[in-house]
Amino acid sequence: MVAFHASALDGVARNPALPTPLLLRLLAFDGDGGPPRHALQRAGLPEPTVVVILAHPNPGARIDFAMSARAEPAQRARLADDPSPKVRAALAYGPEWRDPRTKVAPLPDDVCARLLDDPVPSVRTALLDSPHLAPSFVASLATHHDPAARRSAARAWEKLPPDERSALLADPDPEVRRAAALWECRRDARVTTELLRDPKSAAEALRRGLLHRADAERCVAERTHLAALAENPSLPTDLVEQLAVDPDEAVRLAVSLRPELGETRRMTIDFTVGAFDRGNVEWVRDGLADPEVLRRAATSAHPLLRRTAAQSPHLPPDLMRLLVRIEDPLVEDLLSVHHPNTPEEVLMSVYARLGGTFSAWMAETHPRFPREGLAARYADHPDGNYRRLAVRDPAATPTLIERLSHDPAVWTRQAAVGDPRLPLHRLREALHVPELASSAGANPVLPEDEMAAVLNRAGVPA
């Protein structure tokens, strides 16, 4: 297939105006690797198209559908009995793309249970590795016959009844016992002591477990996993103060992030934070919906606390204004990704600073990214990355859009060619330009006969 024919076909597969008969024709395609992924992972696929995908002879097509973040879980679940274990494994793991603004709905619990009992180990492993499992299903694994499943059930520790917790702690499999103990140690110092004897679990037990003072003192004296120990909520105050002046910079930084510290004491600790350290402070991350936690973190002078708070979609307006004023580029990046009401000026700042990166794309696709006035401001900007923004302006004229479709910068040309205001003669022309064919194919005003012609030229059978 000629490259630009394939590119135009990929664009048509994305086209929101693609009529169902052409979509069905495209989905039945079994040449050159099968249907384009964009056709298989469209949102709101009608039932006739789902039937075609489920019966497609190419396993790759079924895999793409199994991993679609846009398909309804009930639609994807119909692949649970697919003859290909690769398809079933793809279904079990689910979508790989993780848009921070979009939650992927999990498969129904009964479908997950069937996949967990699949005869092929790779399917079972994919399911247990999936980030999309419902908490109810994870909790149900506590009594499963597979030790790997019981080990995963420990992640739902707080949801498990006492008898199931006790059973996991006494499980015949050592990995299950260790996983269960690492949760139980948070409230049982005896379990923590036992875990400290195991090199595989010592660091995690020191980070989270309820500590006997003797164990804490010994670890300080022996300098055992001090950075982990410095995070421990039950560490005695005098040992916290001792670690606050430890010669190891990582230890001092860990102490500086402890939740019980007052702001004055926190900022007297000698710590260093890198310009690109994003911040993933656990007590703040766990409280991203808690107004009190957010206020403590957002009003702190500690960069990592502020950066973690910036990941909350629940920041109230006053804390948003406060974080914007501190002029931390990383805070701006995180706000542009996670908060629904990030100010326009912050989104533009991220776009200007990081054009061409994932963060810039997240800023540009934010619902509050500015549109009005961009044509007047940027149509003649010396940087093509800014000229591209002119296409977003509702006031941009067809004449301007056509002019930008000939812009020296390819990204600007592509944006203009995908815009519905592009004159039809230029749209038809762009379908035959290699770097513009995909954008032209996706343009929603492309006539149906032109879409059909794209399929014909790409060799898609009628």
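These values consider heavy atoms only, across backbone and side chains, with no hydrogens, waters or symmetry-generated copies.
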Does a salt bridge link [X] with [Y], judged by any charged N lying under 4.0 Å from a carboxylate O?
{"X": "Arg388", "Y": "Glu364", "result": "yes"}
{"X": "Arg37", "Y": "Asp64", "result": "yes"}
{"X": "Arg177", "Y": "Asp171", "result": "no"}

Taking the six-membered ring of Trp283 as reference, does the cationic atom of Arg285 (NZ for Lys, CZ for Arg) lie under 6.0 Å from its centre and within 45° of its axis?
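No cation-pi geometry.
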The test is side-chain contact (heavy atoms from CB on, under 4.5 Å); show your working for Arg42 and Leu23 and say whether it passes.
CA-CA 10 Å; Arg42 290 168 68 97; Leu23 176 58; 3.9 Å; yes
Counting N and O atoms only, with roles assigned by atom type, does the side chain of [X] sit under 3.5 Å from a partner on the main chain of [Y], one being a donor and the other an acceptor?
{"X": "Arg155", "Y": "Val138", "answer": "no"}
{"X": "Thr308", "Y": "Val284", "answer": "no"}
{"X": "Arg14", "Y": "Ala39", "answer": "no"}
{"X": "Arg387", "Y": "Ala379", "answer": "no"}
{"X": "Arg124", "Y": "Leu115", "answer": "no"}
{"X": "Arg88", "Y": "Asp82", "answer": "yes"}
{"X": "Ser130", "Y": "Tyr93", "answer": "yes"}
{"X": "His144", "Y": "Ala153", "answer": "no"}

For residues [X] and [Y], report the shortest heavy-atom separation together with the two atoms involved.
{"X": "Val273", "Y": "Pro303", "answer": "CG1-CB, 4.1 Å"}
{"X": "Ile53", "Y": "Ala61", "answer": "CG2-O, 4.3 Å"}
{"X": "Glu402", "Y": "Leu422", "answer": "CA-CD1, 3.8 Å"}

Tell me every residue that passes ring-ring contact (aromatic ring centres under 6.0 Å, His included) with His132, counting only those two or more places apart in sequence or in another chain.
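Result, ring-ring contact (aromatic ring centres under 6.0 Å, His included) vs His132: none returned.
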Partner set under ring-ring contact (aromatic ring centres under 6.0 Å, His included) for His381, not counting sequence neighbours:
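Only Tyr378, Tyr386 meet the ring-ring contact (aromatic ring centres under 6.0 Å, His included) criterion with His381.
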Is there a side-chain contact between Leu257 and Glu282, using heavy atoms and a 4.5 Å cut-off?
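Heavy-atom side-chain distance check fails, nothing below 4.5 Å.
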I'd like to check Ser405 versus Glu429 (side-chain heavy atoms, cut-off strictly below 4.5 Å). Are they in contact?
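Not touching, per the 4.5 Å side-chain cut-off.
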From [X] atom [atom1] to [Y] atom [atom2], the distance as rounded to the nearest 0.5 Å:
{"X": "Thr365", "Y": "Arg101", "atom1": "OG1", "atom2": "CZ", "value": "4.5 Å"}
{"X": "Phe137", "Y": "Ser152", "atom1": "CZ", "atom2": "OG", "value": "9.0 Å"}
{"X": "Leu253", "Y": "Leu304", "atom1": "CG", "atom2": "CG", "value": "6.0 Å"}
{"X": "Arg114", "Y": "Leu91", "atom1": "CZ", "atom2": "CG", "value": "9.5 Å"}

